[in-house]
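Structure first, then comments.
Just so you know, these numbers use all the heavy atoms, side chains as well, and skip hydrogens, waters and symmetry mates. For ligands, and for the atoms within them, numbers begin at 1 and follow the listed sequence. Every value quoted in this text rests on a predicted model; they were computed, and no experiment measured them.
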Amino acid sequence: MGLKHQAPRGTRDLLPDELPRWQWAEARARGVLAHYGYREIRTPVFEDYELFARTSGEASDIVSKEMYRFKDLGDRDLALRPEFTAGVMRAYLEHSLSGQGRVHRLWSMGPVFRYGRPQKGRYRQFAQLNAELIGSPTPGADVEVIALFVDLFEAWGFTNLTVAVNSLGTPATRRAYGDALRRWLEPVRTELSADSQQRLVTNPMRVLDTKDPKDQEKMHALASAMPRMIDTLDEAGRAHWNGVLEGLTALGIAHEVDHGLVRGLDYYTHTAFEVHDRSLGAQSALGGGGRYDGLIEMLGGPATPGVGFAIGLDRALLVLEERGWAPPAAAGGVYVVAMEATRTLALSLARELRREFAVELDLDARAFGAQMKAAGKSGAHWALILGEDEVKRGEVTLKDLTTGGQTTFPRAQLVATLRAGAPATAERPR
Ligand code: HAM
């Protein structure tokens with residue numbers, strides 16, 4: 001009989017064997033974010049549909065094709081969040097955070113939803129680590145955010161990353177660029193896919209972001225002669241761009257200008273950046289972001305600059321897994337081996353020890369040999385053996401499973417002995 005229920009297409013279960021990798025990556029990220037002075041913000045998983053439509057852009061793939069939009073029982077028009085930025089900006093405005101300091105550094109982590117075609121590295125529910133620096137218009141803010149972006153990857157063991165950067169200018173210079181690109185592509189227009197021809201009318205810049213393999217090939221072939229966005233920047237935009245490049249160079253952050261980098265959301269201005277890992281195939285972007293100076297105004301707030309990014313955690317972890325990377329094994333831990341007659345003591349001792357240490361025990365009090373074998377496999381550092389005779393004498397035996405050495409001593413010394421010898425749970429890498 002086939003299974004009645006499976007996880008919905010594009011979603012997946014993360015099983016206990018897989019989660020140590022996630023938890024380790026999340027914990028490392030929290031450490032880096034704290035050192036950069038970022039504070040966590042948690043916003044709802046769903047918001048008004050209109051919030052996303054307005055900010056991501058009605059014509060963007062995310063809004064026009066990939067939104068999980070639904071009506072609730074009160075007939076409200078809602079959507080599962082396809083990204084964090086819009087919700088974070090909504091919360092920033094709703095709670096008047098701007099009145100509580102000039103610059104805000106905020107991060108979030110959790111599931112986001114996009115109705116795309118599932119494939120390797122592309123899911124309908126996936127996790128993002130998102131960071132936003134709100135309130136600073138200076139190139140230094142872009143540089144700090146890109147440094148944080150790179151440092152997160154480095155904390156996870158990625159090396160030799162190159163950040164692709166571009167400048168998308170202002171809405172006005174982008175419009176001028178779009179017109180120039182439309183004119184420039186006119187001679188080959190009819191050779192492009194229907195989708196790209198449509199984009200050429202509505203948002204020509206999006207042709208550079210085409211998903212059509214034939215169009216991609218064509219864009220690639222034409223790239224060197226094509227008009228470039230950075231050539232259409234106004235004076236302020238150019239000064240900002242130069243400031244960002246200088247800052248990245250000064251910090252030794254490897255970067256290259258990618259004139260075709262346009263990003264998939266419409267709210268970007270000036271700096272845009274991404275990191276790719278080609279081993280992932282078609283879905284190679286590990287993360288991306290940029291500046292969004294008009295976004296808060298678009299939501300009815302005062303003109304407020306901002307810059308941020310999101311990292312696709314599923315993809316980053318997929319790369320680590322493919323490279324055979326495993327999180328450091330949890331050190332310490334106690335496996336309690338008890339006999340039928342000492343089972344009650346085992347339960348109460350385990351409860352006491354669990355205030356400080358990770359403790360496993362065999363609830364069925366199986367044969368001694370079977371329990372010792374299980375202790376060896378468990379990854380625990382210590383086997384705490386509660387033999388009948390020792391217990392009668394008020395003693396316990398502690399066996400170091402890594403060296404095989406063992407000692408018997410009064411039970412009253414157990415906690416102190418473990419404290420001295422076995423790392424406490426709180427110190428274990430998570
Ligand atoms: P984004 O480039 O749309 O940016 O998404 C960021 C990352 O999420 C991508 O680089 C990718 O790693 C991951 N991702 C996107 N779609 C999928 C998917 N279907 N399955 C798995 N991973 C995926 C944003 O979302 C912006 N909000 C970033 C930002 C923050 N910009 C400014 N602040």
Residues, nucleotides or ligands: over 12 heavy atoms within 6.0 Å of Tyr36 OH: yes

Distance-only N or O hit between ligand 1 and Leu286, under 3.5 Å: yes

Distance-only side-chain donor-acceptor flag, Tyr267 / Thr85, under 3.5 Å: yes

Nitrogen or oxygen atoms of Ala310 and ligand 1 under 3.5 Å apart: no

Mode of Arg124 contact toward ligand 1 - side chain, backbone, both, neither (heavy atoms, under 4.0 Å): neither

Side chain proximity check, Val244 to Val165, heavy atoms < 4.5 angstrom: no

Any Gly121 heavy atom less than 4.0 Å to ligand 1: yes

Gln197 versus Asp195, side-chain donor and acceptor atoms under 3.5 Å: no

Sub-4.0 Å atoms of ligand 1 with respect to non-hydrogen atoms of Gly289: 31 (N)

Any Trp107 side-chain heavy atom under 4.5 Å of Asn130 side chain: no

Contact with ligand 1 for Asp314, non-hydrogen, under 4.0 angstrom: no

For atom 20 (N) of ligand 1, closest protein heavy-atom neighbour: Tyr123 N, 3.0 Å

Non-hydrogen atoms of Pro82 and Met67 that approach each other most closely: CG-SD, 3.7 Å

Thr210-Asp212 side chain donor-acceptor pair, cut-off 3.5 Å: no

Mode of Phe113 contact toward ligand 1 - side chain, backbone, both, neither (heavy atoms, under 4.0 Å): neither

Atom 33 (N) of ligand 1 [closest protein heavy-atom partner, distance rounded to 0.1 Å]: Glu132 OE1, 2.9 Å

Nearest non-hydrogen protein atom, atom 4 (O) of ligand 1: Arg263 NH2, 2.9 Å

Contact partition for Arg315 relative to ligand 1, non-hydrogen atoms under 4.0 Å: side chain

Donor + acceptor pair across side chains of Thr271, Asp142 (<3.5 Å): yes

Polar contact flag, side-chain donor to acceptor under 3.5 angstrom, Ser284-Asp277: no

Greater than 12 external heavy atoms within 6.0 Å of Tyr115's OH: no

N or O contact, Leu265 vs ligand 1, cut-off under 3.5 Å: no

Top protein contact for atom 8 (O) of ligand 1, by heavy-atom distance: Gln128 NE2, 3.3 Å

Where ligand 1 meets Glu83 - atom numbers and elements under 4.0 angstrom, heavy-atom basis: 25 (O), 26 (C), 27 (N)

Proximal ligand 1 atoms for Tyr292, defined as those under 4.0 Å from one of its heavy atoms: 32 (C), 33 (N)

N/O separation below 3.5 Å, Arg114 to ligand 1: yes

Asp151 and His35 side chains, donor-acceptor separation under 3.5 Å: no

Protein contact of atom 30 (C) of ligand 1 - nearest heavy atom, named by residue and atom, plus distance: Thr85 OG1, 3.0 Å

Side-chain heavy-atom pair Trp382, Tyr335 within 4.5 angstrom cut-off: no

Protein heavy atom at shortest distance from atom 29 (C) of ligand 1: Tyr268 OH, 3.4 Å

Nearest-contact summary for atom 14 (N) of ligand 1 - protein heavy atom, Å: Phe126 CE1, 3.3 Å

Exercise: do Asp215 and Ser196 side chains pair donor with acceptor under 3.5 Å: yes

Option with minimal heavy-atom separation from atom 9 (C) of ligand 1, where the choices are Ala285, Gly308, Gly264: Ala285

Per-atom contacts of ligand 1 with Gly288, taking only distances under 4.0 Å to non-hydrogen atoms: 10 (O), 28 (C)

Ligand 1 contact by Glu274, heavy-atom criterion under 4.0 angstrom: no

Shortest protein contact, atom 13 (C) of ligand 1 (heavy atom only): Gly312 CA, 3.6 Å

Proximal atoms of ligand 1 relative to Asn130 (non-hydrogen, under 4.0 Å): 30 (C)

For the student: nearest non-hydrogen atoms of Ala380 and Ser378, plus distance: N-OG, 3.0 Å

